[in-house]
Amino acid sequence: MGFHFADDYRARLLALPTLLRRGGGAPEGAAGALKGGRIEFKDHRPYVQGDDPRDIDWNSWLRLDALVTKEYSRDEAPEVMVILDRSASMGITGEGKDRIAREIAGGLLYAGLSARCPVTAVLSAEGGPVTLGTWRTHRKVDEIIAMLEGLGECDGSTHLTGLRHLKPVAATGRVAFLVSDFLVESLPAEVAVALARGAGTGCFVHVVSEAERAPSLPAACTLVDPESSARMFVPQSSALVAAYAEELASHEEAVAALARRHGLGAAVVTDAKPFDRTVQALLAGKRSR
Amino acid sequence: MGFLRPEALAILPGLLLLLLWARARRRRRPRRQTTYLLFARAQQKMPPPPRRRTPILTELWWLLPAVLTTLATAGPYLTADELAPEVVVLVDRSASMATRLDGRNRIVRGLDRLRSELDAPLRLEGVPELTTGSVERASPRSVTDGELRMQAAVHHDAGRRVVVVTDRELSGLPDEVGIVRVGDVAPNAGIVACGLDVDGRLLVRAGATPGWSRPLTVRVTAGATGLASSTFAAKDLPIRQVFGPLDVPSDSAEVVVSLDSNDDANPLDDRVVLVRKSASVRVGFPPRGYDAIYRAFVAHPEVQVFRGDGPCALRIGPGPSARHVFVAPRIPGTSLGSPGPVRGPMIFQDAPALASREPLALPAVYPVTENHDVLARIGETPILVRDGDRIVFLQDPDSCDWPRHPSFPLVCAQCLLWLEIGSDQLWAVRSGEPGGAVLDPAATVGPFAAVTSWGAPRAAAVLDERTPLAPWLLVLAALALVAMEWIGARRATA
């Protein structure tokens with residue numbers, strides 16, 4: 001049985017630009033001001049690995065003995081890229097995190113189109129990113145919806161590391177949104193580097209469902225990992241659930257810290273609010289919880 | 001507290017096993033957890049949990065609705081023995097109560113009606129055959145109205161609540177005594193009366209319900225020998241036929257009179273057995289006097305009464321006999337004090353069924369100084385005593401109202417039993433079966449025979465006043481379900 005958005009999803013999607021204008025949201029809002037381009041100097045920021053050496057301000061280096069990169073504002077629309085994690089940990093089709101991810105992705109893509117940005121949907125896969133489609137006009141909203149509804153079941157392991165092979169950022173810049181639960185053994189720093197490289201910026205959209213925040217487990221049960229099929233018997237779930245809550249908070253903090261280290265934005269999105277409100281908060285630069 | 005269907009409680013261990021099975025299955029059933037990675041990290045950081053088995057007590061809560069429903073199925077009830085008086089159900093088991101309609105006899109129909117009217121569990125004790133509904137469970141004996149009244153009065157006087165199940169119209173009962181009267185118009189034919197005299201002539205009377213349209217055949221046999229047979233058309237009913245004199249074989253102890261009535265409603269009145277006996281009970285009276293006792297013995301079906309001299313098993317007053325009944329103050333060799341009035345209910349030492357419900361007023365009761373066995377008394381005053389083979393009425397029955405009381409002829413008949421005098425009638429009806437010679441028309445129920453029987457059969461059933469708990473348990477089960485649903489929803493939202 002395939003996935004279908006709610007009946008009012010399309011209508012809410014079309015009303016999203018109005019909502020964003022009221023709230024002051026922009027595609028790059030979650031990642032801070034868009035950098036890149038060579039039109040007009042805007043600001044300095046510390047150098048990070050992957051920055052174009054041409055942007056290093058050597059005068060500042062001589063003066064401060066520290067590498068500083070110059071940033072420029074641009075007058076050409078950057079590319080908006082939405083990267084979807086479709087690993088098995090994203091849940092059952094149409095439920096929980098899968099639904100959040102599809103709705104948020106559709107909202108981000110349409111918000112980009114409404115800001116006259118070209119948008120691209122990308123799938124993170126083991127061999128590297130797989131482009132699902134590129135659109136340049138908001139009249140393609142139905143294609144985007146059809147693409148999102150046509151996504152298959154979430155299965156397999158999480159392969160974020162393949163994103164280091166993302167195509168180079170164009171001079172016009174890129175705002176990349178990585179929609180994932182980031183449930184991997186070690187968080188991929190190289191992905192953050194890839195997203196922030198050059199004129200690119202991005203945002204980690206950390207998807208956590210409400211059911212994951214407050215899991216309801218029987219007193220004793222057997223848990224199975226949907227990715228690796230590993231099993232774990234829980235003799236007393238109450239104590240474990242308390243420790244799990246701390247672990248989840250720590251995980252969210254780790255994801256946010258990784259994003260901060262690389263100048264990226266980070267937001268946690270849940271299914272507690274309608275997707276359009278979540279997208280509005282995300283693009284306004286606020287953390288969505 | 002008790003259960004009407006305790007066998008239903010056997011389900012409870014099954015429910016426990018079901019819970020254990022479900023618990024083990026739930027523990028082993030894999031739960032797909034998207035955040036397994038975080039759970040695994042959390043468990044690694046936790047100290048190993050103590051090896052303690054999860055208590056099952058908390059999970060027993062989920063069994064509550066099923067347990068309550070099972071308990072309700074078992075029919076629990078609360079008894080209030082101290083508060084509620086015992087209820088005695090007197091069931092008339094006479095032959096007419098065997099009349100069937102739609103496969104159920106009058107006893108079963110009467111008890112069913114009693115159950116519906118009481119609207120309470122009815123537990124029959126001591127007479128399990130009453131619950132089977134088999135027509136053979138009715139007694140071939142008969143019961144008179146007076147006996148039924150007396151039985152009811154005995155229990156009523158003892159402070160019990162009494163309900164009589166019968167097919168006759170009883171009158172004269174206390175208002176507190178309930179009656180469940182069961183009747184029908186089932187087509188039936190039966191022998192109303194029959195008797196064999198010393199000359200071998202057999203009198204047979206038979207009748208049928210109105211509308212009976214089939215012929216009736218009367219057959220008389222002695223062992224394998226047929227003595228007489230005759231068929232009567234329906235228009236000739238009721239039958240009053242004399243057969244004989246019959247040539248009864250000298251070695252035959254029984255003569256059977258049967259009626260071929262083709263599966264009518266009551267089979268018990270289709271056959272009468274006459275048994276040969278050696279002699280009758282002869283009771284001798286003085287040429288005059290003792291009128292009340294005389295009338296009582298005349299009514300006895302197994303007693304031959306005469307006045308004057310002659311051999312007899314029992315002599316009323318002085319005369320040649322081994323056993324006597326005297327009336328004060330005509331007791332030879334006994335000194336009596338001054339008589340005094342006595343009033344109150346009569347109490348019998350070893351025959352409580354004879355007890356009077358209404359108080360008797362005896363104007364002159366003589367005291368006895370000798371050490372007699374007291375057979376009956378009013379209060380602490382003896383009114384009937386026994387001295388060896390003599391029974392003494394300590395008042396003159398001809399001078400008081402006691403003989404008008406229904407118990408008086410029964411007391412006179414009881415004297416034969418107290419003095420151990422057996423029946424020696426020539427042709428006696430076998431215990432309680434219909435017999436023509438002694439038929440009391442007043443005791444006839446419908447078209448069926450009913451003979452006064454001195455050993456009144458009685459079937460008593462104890463009815464506890466019980467409060468059924470099943471409806472409350474079902475309500476509790478429903479509330480438990482609602483509570484579980486509410487708690488489950490609350491946990492889900494929390």
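Chain letters run A, B, ... following the sequence lines, proteins first and then strands; every chain starts at 1.
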key: B:F39 side chain reached by A:L217 side chain, heavy atoms, under 4.5 Å   = yes
note = From the list A:P226, A:C221, A:A243, the residue making the most non-hydrogen contacts under 4.5 Å with chain B is A:P226
ask   = For A:A211, is it the side chain, the backbone, both, or neither that has a heavy atom closer than 4.5 Å to a heavy atom of chain B?
value = neither
request  = Please look at A:A239 and chain B and tell me whether the side chain, the backbone, both or neither of the residue comes under 4.5 angstrom of a heavy atom of that chain.
outcome  = both
ask   = Just wondering, are more than 12 heavy atoms of other shown residues or ligands nearer than 6.0 Å to CG in A:D8?
value = yes
request  = Count the heavy atoms belonging to other residues, nucleotides or ligands that lie under 6.0 Å from CD of A:E190, then report whether that count exceeds 12.
outcome  = yes
Electrostatic pair B:K45:A:E247 at N-O distance under 4.0 angstrom = yes
inquiry  = Which residues in residues 29-38 of chain B have any heavy atom closer than 4.5 Å to a heavy atom of chain A?
reply    = B:R29, B:P30, B:R31, B:R32, B:Q33, B:T34, B:T35, B:Y36, B:L37, B:L38
Which atoms of A:E185 approach chain B - backbone, side chain, both or neither, heavy atom under 4.5 Å = both
key: chain B contacts, top residue of A:A230, A:C154, A:G96 (heavy-atom pairs, under 4.5 Å)   = A:A230
message = Please classify the contact between A:V208 and chain B as side chain, backbone, both or neither, with a heavy-atom cut-off of under 4.5 Å.
response = neither
inquiry  = Please rank A:P218, A:G91, A:A245 by heavy-atom pairs under 4.5 Å with chain B and give me the top one.
reply    = A:P218
note = Counting heavy-atom pairs under 4.5 angstrom with chain B, the leader among A:D225, A:V234, A:V241 is A:D225
ask   = So does B:E7 have more than 12 non-hydrogen atoms from other groups sitting under 6.0 Å from CD?
value = yes
